[in-house]
Amino acid sequence: MNKDSPKIAVIGAGIVGLTTAKLIQEELKKASVTLIAEKFHQETTSCVAAGIFRPGTSFRGATPEITKKWVNDSWHYWQEILKSSDAVDAGVMGFDSYIFSKDNYSVTRNHLIEDLVPTYRSVDEDELKLVGGNWKYGSYFSTLKTGCEKHLPWLEQIFKSRGGVIVNDKVDSFTSLSKYDLVLNCTGFGAKYLCNDYNLVPMRGQVVKVRAPWLKFAFYGDYDTYIIPGLDGVATLGGVRQYDSYNLAVCKHDTAAILERCYEMLPGLKKAEIVEQRVGLRPHRMPVRVEPEMVGGLKVVHCYGHGGYGVMCAPGTAMNAVELAVNLLKGNSRAHY
Ligand SMILES: Cc1cc2nc3c(=O)[nH]c(=O)nc-3n(C[C@H](O)[C@H](O)[C@H](O)COP(=O)(O)OP(=O)(O)OC[C@H]3O[C@@H](n4cnc5c(N)ncnc54)[C@H](O)[C@@H]3O)c2cc1C
Ligand SMILES: *[C@@H]1O[C@H](CO)[C@@H](O)[C@H](O)[C@H]1NC(C)=O
Ligand SMILES: *[C@@H]1O[C@H](CO)[C@@H](O)[C@H](O)[C@H]1NC(C)=O
Ligand SMILES: *[C@@H]1O[C@H](CO)[C@@H](O)[C@H](O)[C@H]1NC(C)=O
């Protein structure tokens, strides 16, 4: 290997792969970086997501400290973009959210972000009546979202402008990658087949995208009900979370259930035009895998299995993966076992 200009391959063009590719270019300015992926833009799971910054409380990395660092680093990364003139092109927008429950106050709290976002408080009686549904408990918090329909093209353009090369191909084995000094494995659910990783499980999701430019807050209710504002006035209504389901077709029963629950919360949505319906398989893995591995002499850093939180946490996990990659290239990593 030429120590000054290593050859690096990133596999995957979802938000995790593209963010990792951008960050490794920033860290190793002389590296030549190639991004290889089978699917791009609208065809990725990333483009199905609402992209809101709200981790499930079960989201985790290898340790609570690592999880905390991913979430914190991600939040600050998004805040930097939100404060910059890039915010619109990058598809990042800030807003506040209500989360309601009839079952239990504790489900409206979130230990992973309560100390991070500027506002996280319980609601008062009047706020419980803001939307339909006779809610008993609720919290209010500030957050943001990243719309991958804009963010992925934005990342890709930056990556290319710095000399990054994009290859449209499916990687079937490591042997084809032997010319690289290091490979970053950001294949999302694809890792299941590439790596026979049985810990990776599809968590099927379905959403309805509607035109609702008047929507200024996000709302969550019980049974995975959510209404999330979006770019260009297109909101995301959800949802379902079906464990070990591989069905990529829109299910009319899921659609009916989603609309019924969302219309009950906000009857005004009945007038909102349905723009499209999307299904995605969240790459669920406990914990999310960010770690180095030597695979048949090849240096690999894995970064996959973000489940339902890969948009919001792509930056933090990508920073972690890039740090591991730099150490591995220097040859001073713990990865040589
Ligand atoms: C309905 C729904 C709602 C969601 N809402 C949110 C949300 O509000 N907030 C949030 O943070 N997250 C959300 N998510 C989760 C989020 O979409 C995922 O965690 C995230 O997209 C994972 O990104 P990724 O880059 O790992 O995977 P993907 O976007 O799936 O990208 C994987 C890439 O790897 C490539 N690839 C895979 N295997 C190979 C191979 N062998 N060779 C070449 N290329 C390969 C693919 O072609 C693709 O380019 C949601 C998901 C769904 C389904
Ligand atoms: C969170 O991240 C910011 C920016 O990277 C950093 O300055 C800060 O120290 C971090 N806080 C914690 C608690 O890790
Ligand atoms: C809510 O959940 C907490 C923690 O799981 C539990 O201790 C409490 O009893 C629950 N409260 C209600 C009203 O169900
Ligand atoms: C990516 O990770 C998966 C899961 O461990 C593995 O099956 C696959 O071989 C890896 N691919 C590469 C190129 O590292």
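The residues of the chain are indexed from 1 along the displayed sequence. Counting starts at 1 for both ligands and their atoms, in listed order. Computed from a predicted model, the values in this text were never measured in an experiment.
Both tests do not hold together for Lys129 against Trp135: distance to the six-membered ring centre under 6.0 Å, angle to the ring axis within 45°. Relative to the six-membered ring of Tyr304, Arg289 misses at least one condition, a distance below 6.0 Å or an angle of at most 45° to the axis.
No N or O atom of Gln206 sits closer than 3.5 Å to an N or O atom of ligand 1. Inclusion of Gly190 in the set of residues having an N or O under 3.5 Å from an N or O of ligand 1 is not warranted. In terms of polar-atom proximity, Val311 is counted as a contact of ligand 1, with an N or O under 3.5 Å from an N or O of the ligand. Here's the thing with Met312: one of its N/O atoms is less than 3.5 angstrom from an N/O atom of ligand 1. Distances between N or O atoms of Thr45 and those of ligand 1 include at least one value under 3.5 Å. For a threshold of 3.5 Å applied to N or O pairs, the pair formed by Val16 and ligand 1 contains at least one separation below that value. Among the atoms of Ala13, some N or O lies under 3.5 angstrom from an N or O of ligand 1. On a distance-only criterion, Lys39 and ligand 1 share at least one N/O pair closer than 3.5 Å. Where the criterion is an N or O separation shorter than 3.5 Å, residue side chain and backbone included, Gly205 fails it with respect to ligand 1.
Those atoms of ligand 3 that come under 4.0 Å of a heavy atom in Ser106, given as number and element, are 1 (C), 2 (O). Close contacts of ligand 1 with Gly280, meaning ligand atoms under 4.0 Å from a residue heavy atom, involve 53 (C). The Gly188 neighbourhood of ligand 1 comprises atoms 26 (O), 27 (O), with distances under 4.0 Å to a heavy atom of that residue. Of all the atoms in ligand 2, the ones that sit under 4.0 Å from a non-hydrogen atom of His76 are 1 (C), 2 (O), 3 (C), 4 (C). Interface of Val207 with ligand 1, defined as ligand atoms under 4.0 Å from a residue heavy atom, comprises 1 (C).
Put simply, part of Asp169 is less than 4.0 Å from ligand 1, judged by heavy atoms. Residue contact annotation: Tyr309 has a non-hydrogen atom under 4.0 Å from ligand 1. Not a single heavy atom of Gly239 sits under 4.0 Å from any atom of ligand 1.
Between Glu127 and Arg121 there is a salt bridge, since at least one side-chain N of the basic residue sits less than 4.0 Å from a carboxylate O of the acidic one. Between Lys29 and Glu26, no side-chain nitrogen of the basic residue sits less than 4.0 Å from a carboxylate oxygen of the acidic one, so the salt-bridge criterion is not met. Between Glu65 and Lys69 there is no salt bridge, since no side-chain nitrogen of the basic residue lies less than 4.0 Å from a carboxylate oxygen of the acidic one.
Atom OH of Tyr105 is surrounded by more than 12 heavy atoms from other residues, nucleotides or ligands within 6.0 Å. For Lys102, the NZ atom sits in a packed shell: over 12 heavy atoms of surrounding residues, nucleotides or ligands are nearer than 6.0 Å. Other residues, nucleotides and ligands contribute at most 12 non-hydrogen atoms within 6.0 Å of the CG atom of Asn134.
Rounding to the nearest 0.5 angstrom, the gap separating the CG atom in Leu144 from the CH2 atom in Trp75 is 4.5 Å.
Looking at residues two or more places apart in sequence or on another chain, you find no salt bridge (charged side-chain N to carboxylate O under 4.0 Å, His left out) involving Arg278. Judged as a salt bridge (charged side-chain N to carboxylate O under 4.0 Å, His left out), and not counting sequence neighbours, Arg261 has no contacts.
Within a 4.0 Å radius of atom 7 (O) of ligand 3, the protein contributes no non-hydrogen atoms. At a distance under 4.0 Å, a protein heavy atom can be found next to atom 1 (C) of ligand 2.
Residue contacts with ligand 1, taken as heavy atom pairs separated by less than 4.0 Å, involve Ile52 via backbone and side-chain atoms alike. The proximity of Cys186 to ligand 1, defined as any non-hydrogen pair under 4.0 Å, is limited to the backbone. Contact annotation for Thr236 and ligand 1: no heavy atom of the residue comes within less than 4.0 Å of the ligand.
Nearest-residue assignment for atom 40 (C) of ligand 1 (options Val171, Val10, Thr19, Ile15; heavy-atom criterion): Val171. The closest heavy-atom contact to atom 45 (C) of ligand 1, among the options Thr146, Val167, Thr187, Leu152, comes from Thr187. Taking each of Pro202, Gly308, Gly307 in turn, the one with a heavy atom nearest to atom 18 (C) of ligand 1 proves to be Gly307. Summarising the contacts of atom 20 (C) of ligand 1 with Gly14, Ser46, Ala318, the nearest heavy atom is found in Ser46.
Side-chain N/O atoms of Asn247 and Gln242 include no donor and acceptor closer than 3.5 Å. Between the side chains of Ser106 and Asn104, at least one donor N or O lies within less than 3.5 Å of an accepting N or O. Using modelled atom types and a 3.5 Å distance limit, the side chains of Thr57 and Asn110 yield no donor-acceptor pair. A donor-acceptor pair shorter than 3.5 Å can be found between the side chains of Thr187 and Asn185.
At the top of the distance list for atom 14 (O) of ligand 2, counting protein heavy atoms only, stands Asn72 ND2, 3.3 Å. The closest protein non-hydrogen atom to atom 5 (O) of ligand 2 is Asp73 OD1, 3.8 Å. For atom 9 (O) of ligand 3, the nearest non-hydrogen atom of the protein is Asn104 ND2, 4.8 Å.
When each of Thr255, Leu237, Leu259 is checked for a side chain to side chain contact (heavy atoms under 4.5 Å, CB included) with Ile274, only Leu259 meets the rule.
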